[in-house]
Amino acid sequence: MTLDRCEGLTETARALAAGEVTSRALVERTLARIEATQSDLNAFRIVRTEAALAEADAADRELSADREAASHSGHRPLLGVPVAVKDDMDVAGEPTAFGCCGEFPPVAEDGEAVRRLRAAGAVIVGKTNTCEFGQWPFTEGPAFGATRNPWSTDHTPGGSSGGSAAAVAAGLVPAALGSDGAGSVRIPAAWTHLVGIKPQRGRVSTWPRGESFQGITVNGTLARSVADAALLLDAASGNHARDPHRPPALDVSRAVGRDPGRLRIALSLKPPFTAVPARLLPEVRTRVVELAERLAALGHCVEEADPPYGQIGLTFVPRATAGIAERVGEAPFPALLDRRTRDAARLGRLLGGAPLRVARRAETVLHRRIGAFFTSYDVVLAPTTAAPPPRIGALLELSGFATDRAMIAACPYAWPWNVLGWPGVNVPAGFTPDGLPVGAQLLGPANSEPLLVQVAAQLEAELRWAEKWPSPPVTARSAAA
């Protein structure tokens with residue numbers, strides 16, 4: 001397996017606009033990288049070879065016309081750039097299986113986020129793997145096998161946006177869209193040494209669903225650098241006319257590199273409310289504390305403090321399981337679904353009445369109580385996960401209860417911000433002694449993406465994490481050969 005790594009999103013867009021490279025050449029190289037790594041990394045569910053090449057040729061014609069007219073396609077900032085999207089997003093002419101088994105029909109129209117990427121000029125090269133209905137922090141299943149981590153192919157890249165994370169971390173594409181319902185952008189970003197932005201609810205439309213999983217799931221971005229993650233976020237942002245959540249428009253890219261001033265940062269190491277025990281492992285804690293020390297050295301006031309989460313977990317479960325019940329009710333092949341999915345759907349149907357209404361109403365109270373915390377602090381720094389990525393297969397065959405226990409133990413930190421609907425950004429925090437990536441998340445109140453990006457860019461300028469690449473992975477299978 002060879003990795004001919006791609007340039008970042010920003011640099012690729014610049015080179016295309018300057019005529020230094022053609023979109024067709026870039027897309028051909030991207031497709032070759034995907035093919036060369038698919039047997040080992042298995043990042044993609046669908047590769048759009050013919051369609052992507054046709055889109056690249058159309059982009060080259062437009063780029064050439066722009067240069068001849070001495071114009072600038074600022075309104076199409078990603079013209080000709082190859083990107084990937086997670087397979088829970090509709091791409092016209094392709095099926096949306098969302099990690100499930102079975103043959104799915106092609107959809108007729110792009111989802112709103114994909115439509116906006118196309119409007120920005122992006123070439124969609126494929127759809128990346130995700131676990132069944134995005135439920136788990138691993139990307140495996142009978143529908144497609146196991147997606148592997150470029151830093152160690154014995155380990156998962158996380159989930160549920162594991163395919164997008166693996167594709168970006170390995171340098172197959174410069175950036176990708178994922179979705180985050182309980183950390184599903186931030187967790188794989190942490191475990192693959194990437195920047196992952198979970199934006200404000202409604203920032204990137206989830207249409208044709210006005211709300212995904214009762215509003216806890218949002219679409220977000222994965223990239224190697226803050227600037228690239230912000231650029232993709234801006235390109236995908238915006239609303240369908242019928243979206244119920246419509247936050248004020250932001251230009252997040254403009255915040256990259258701006259000085260945020262001296263901030264009050266709360267270092268929060270205590271896991272939020274969980275029904276089963278969760279412990280922050282020392283090898284992760286050390287890396288997060290080192291980031292806190294780096295922020296203090298940059299002039300910020302950093303002190304340990306935890307947001308007043310209270311019993312926030314009781315509001316998450318009804319929304320998550322009711323969302324699964326909705327998806328299962330629409331599934332064309334329910335008998336092929338994982339037993340854990342069917343069990344979660346049964347629970348969701350039980351909780352989908354009064355408990356769900358109570359959980360939804362509690363969000364206003366949580367906004368008020370946790371929002372008050374941000375009168376004392378500007379940003380929260382917390383671990384993204386409590387543990388490094390688990391090995392492939394470690395969670396695949398567990399019972400539902402055992403899976404929940406393992407998920408909570410490994411990933412207790414991300415999901416409260418899905419209940420709140422507020423922004424969070426994973427930043428790489430370094431590596432364990434065994435060389436596995438770990439991350440930390442910067443969390444803020446409503447519409448705080450620009451501030452979080454400013455802080456993330458400060459850290460990136462110091463730590464230069466985009467310069468670190470995984471070595472060409474060697475799997476147990478190839479090593480044995």
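Positions are given from 1, in the same order as the sequence printed here. Please read these numbers as outputs of a predicted model, since none were measured by experiment.
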Chemist: Give a yes or no on whether Arg254 atom CZ has more than 12 heavy-atom contacts from other residues, nucleotides or ligands under 6.0 Å away.
Modeler: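 No, CZ of Arg254 has 12 or fewer neighbouring heavy atoms, counting only those of other groups under 6.0 Å.
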
Chemist: Considering residues at least two apart in sequence or located in another chain, which fulfil the ring-ring contact (aromatic ring centres under 6.0 Å, His included) criterion with Phe213?
Modeler: none

Chemist: Salt bridge or not for Glu20 and Arg14, using N-O below 4.0 Å?
Modeler: yes

Chemist: Look at the rings of Phe316 and Trp415 and say which category their plane angle falls in: under 30° parallel, 30 to 60° tilted, over 60° perpendicular.
Modeler: tilted

Chemist: Scan side-chain atoms only and decide if Trp136 and Thr403 contain a donor-acceptor pair under the 3.5 Å cut-off.
Modeler: no

Chemist: I'd like to know if the side chain of Asp110 and the backbone of Val91 have a donor-acceptor N/O pair within less than 3.5 Å.
Modeler: no

Chemist: Is there a donor-acceptor pair under 3.5 Å between the side chain of Arg24 and the backbone N or O of Ala56?
Modeler: no

Chemist: Which word best sums up how the rings of Phe374 and Trp422 line up, parallel for under 30°, tilted for 30 to 60°, or perpendicular for over 60°?
Modeler: perpendicular

Chemist: Just wondering, are more than 12 heavy atoms of other shown residues or ligands nearer than 6.0 Å to CD in Glu7?
Modeler: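 It does not: Glu7 CD has 12 such atoms or fewer within range.
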
Chemist: Check this for me: Arg339, atom CZ, are more than 12 non-hydrogen atoms of other residues, nucleotides or ligands nearer than 6.0 Å?
Modeler: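 Above 12, so yes.
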
Chemist: Check this for me, if you would: do Glu462 and Arg294 make a salt bridge, where the nitrogen-to-carboxylate-oxygen distance has to be below 4.0 angstrom?
Modeler: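 A salt bridge is present here (some side-chain N lies under 4.0 Å from a carboxylate O).
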
Chemist: Does Glu290 have more than 12 heavy atoms from other residues, nucleotides or ligands lying within 6.0 Å of its CD?
Modeler: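 Atom CD in Glu290 is crowded, with more than 12 foreign heavy atoms closer than 6.0 Å.
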
Chemist: Looking at Lys468, I want to see if its NZ is surrounded by more than 12 non-hydrogen atoms of other residues, nucleotides or ligands under 6.0 Å.
Modeler: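 Atom NZ in Lys468 is crowded, with more than 12 foreign heavy atoms closer than 6.0 Å.
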
Chemist: So does Gly8 get a backbone contact from the side chain of Thr12, meaning a donor-acceptor N/O pair under 3.5 Å?
Modeler: yes

Chemist: Side chains of Gln135 and Thr341: do they bring a donor and an acceptor to under 3.5 Å?
Modeler: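 Gln135 vs Thr341: donor-acceptor pair found between side chains.
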
Chemist: Between the side chains of Ser212 and Arg327, does any donor sit under 3.5 Å from an acceptor?
Modeler: yes

Chemist: Any donor and acceptor pair, going by atom type alone, linking the side chain of Arg287 with main-chain N or O of Phe431 inside 3.5 Å?
Modeler: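 Looks like yes, one N/O pair under 3.5 Å.
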
Chemist: Is any NZ, NE, NH1 or NH2 atom of the basic residue among Glu55 and Arg118 found under 4.0 Å from an Asp or Glu carboxylate oxygen of the other?
Modeler: yes

Chemist: Who pairs with Asn219 by side-chain contact (heavy atoms from CB on, under 4.5 Å), at least two apart in sequence or on another chain?
Modeler: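 Listed in chain order: Met89, Ala113, Ser179, Val204, Thr206.
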
